Amino acid sequence: MRPLLDVRKLNAYYGEARALRDVDLEIADGEIASVVGPNGAGKSTLVNAIAGLLRDRRGEIVFDGVDLMRPRSYEVCEHGIAIVPEGRRVFAGMTVRDNLELGAYRRGARAERGERLARVHGLFPILRQRAEQRAGTLSGGEQQMLALGRALMAGPRLLLLDEPSLGLAPVVVDTLFDALQAIHASGVSVLLVEQNVTRALAISQRGHLLSDGTIVRSGSASSMLNDPDVQRICLGV
Ligand code: ATP
């Protein structure tokens with residue numbers, strides 16, 4: 001069966017420096033896939049290249065049969081991919097409600113706005129309580145929930161997440177990862193980029209090890225957890 005996302009021989013550049021080297025990656029429809037790897041491996045570069053935020057790239061990115069090498073990032077969103085960027089990037093001076101509304105600007109999304117907002121509030125009730133508060137006053141965990149909620153307001157088929165657990169207390173990571181599983185169960189596919197290898201692989205079907213800009217190992221999440229290279233490169237075992 002054709003994968004939902006098909007990345008072939010993807011290379012990405014910062015000026016002269018090549019940050020991704022011939023990356024091949026497939027995400028099946030209905031899958032949670034994790035890309036794990038150490039600092040500087042190229043994980044953020046990979047999600048930014050798929051989302052069209054990083055334009056200096058060569059190769060093929062096909063999403064549900066659509067070539068994503070040409071569209072701008074807002075068009076990539078219209079095709080059904082939403083990104084939760086590293087560092088959350090919520091609009092600190094705007095209210096929680098307005099941050100969420102912004103996620104639904106996509107064509108066709110307005111009609112479903114109320115339904116999606118109810119769903120986001122169901123996942124993260126704290127965002128309803130804090131609706132009129134400025135996003136900058138939220139805790140780090142709440143901001144991460146807001147960033148995830150904002151992405152969901154676009155009604156994506158594929159969610160890209162860049163290090164959602166970074167800097168958060170384990171109990172908050174539990175909440176986020178529980179929400180990710182619920183989102184997945186509702187039919188959204190997920191590409192999760194994480195340094196928290198154990199947590200990421202625990203909720204994934206497949207894992208991919210990125211090292212120095214190259215995918216060096218792919219397999220079922222359970223086999224990846226026990227893989228000596230994953231343990232050596234990511235966990236220092
Ligand atoms: P981290 O977990 O630290 O975010 P990462 O796996 O996400 O790491 P990237 O941030 O994608 O890795 O970085 C991959 C490589 O590209 C690194 O060598 C990094 O120094 C380089 N790089 C990243 N962003 C830029 C940039 N804006 N300009 C130049 N080089 C960059």
Side-chain angles (χ1 to χ4, degrees), residues 5 7-27 32-61 63 68-69 72-73 76-77 81-90 140-141 143-144 146-148 150-151 158-170 172-173 176-177 180 189-204 206-219 221 224-225 227-237:
L5 180 75
V7 174
R8 299 253 166 244
K9 298 232 169 302
L10 183 65
N11 290 270
Y13 307 83
Y14 297 106
E16 297 288 295
R18 185 159 63 148
L20 294 180
R21 298 161 186 275
D22 290 336
V23 166
D24 289 338
L25 179 71
E26 290 185 2
I27 312 279
I32 303 186
S34 285
V35 172
V36 299
N39 260 330
K43 303 183 298 298
S44 297
T45 303
L46 176 61
V47 289
N48 289 335
I50 293 169
L53 296 167
L54 180 66
R55 306 295 302 174
D56 197 355
R57 62 212 166 129
R58 312 253 186 291
E60 287 176 37
I61 305 172
F63 176 68
L68 287 191
M69 290 303 278
R72 312 297 304 186
S73 54
V76 170
C77 180
I81 297 182
I83 183 170
V84 182
E86 187 173 13
R88 298 138 203 167
R89 309 258 180 89
V90 297
Q143 289 190 15
Q144 189 67 65
L146 179 56
L148 179 49
R150 183 179 57 188
L158 174 66
L159 199 53
L160 309 176
L161 295 114
D162 192 355
E163 304 260 11
S165 78
L166 198 66
L168 300 181
V172 182
V173 179
L176 279 167
F177 277 44
L180 273 184
S189 305
V190 177
L191 172 57
L192 176 60
V193 154
E194 265 292 344
Q195 273 188 54
N196 194 335
V197 179
T198 315
R199 299 294 295 259
L201 289 174
I203 64 161
S204 299
R206 287 184 67 77
H208 306 270
L209 173 61
L210 189 67
S211 177
D212 204 15
T214 307
I215 301 271
V216 294
R217 186 81 84 255
S218 294
M224 292 294 283
L225 256 182
D227 187 287
D229 282 344
V230 174
Q231 300 199 343
R232 181 175 54 80
I233 294 173
C234 298
L235 304 173
V237 177

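Just so you know, ligand 1 is whichever comes first in the structure, and atom 1 is the first atom listed for that ligand. Remember, predicted model here, so these are calculated numbers, not experimental data.
Nearest approach of A41 to L210, heavy atoms of both residues: CB-O, 3.3 Å. Listed here is the closest heavy atom pair of S211 and I233: OG-CD1, 4.2 Å.
The contact shell of ligand 1, taken as protein residues with any non-hydrogen atom closer than 4.0 angstrom, comprises Y14, A19, P38, N39, G40, A41, G42, K43, S44, T45, E86, E163, Q195.
Within the 4.5 Å cutoff, side-chain heavy atoms of L159 are placed close to those of L148.
No donor-acceptor pair under 3.5 Å is formed between the side chain of K43 and the backbone N or O of V35. Looking at E163, its side chain does come within 3.5 Å of a backbone N or O of Q195 through a donor-acceptor pair.
Only one option out of E26, H208, R206 pairs with S218 in a side-chain hydrogen bond (donor to acceptor under 3.5 Å, both in side chains); it is H208.
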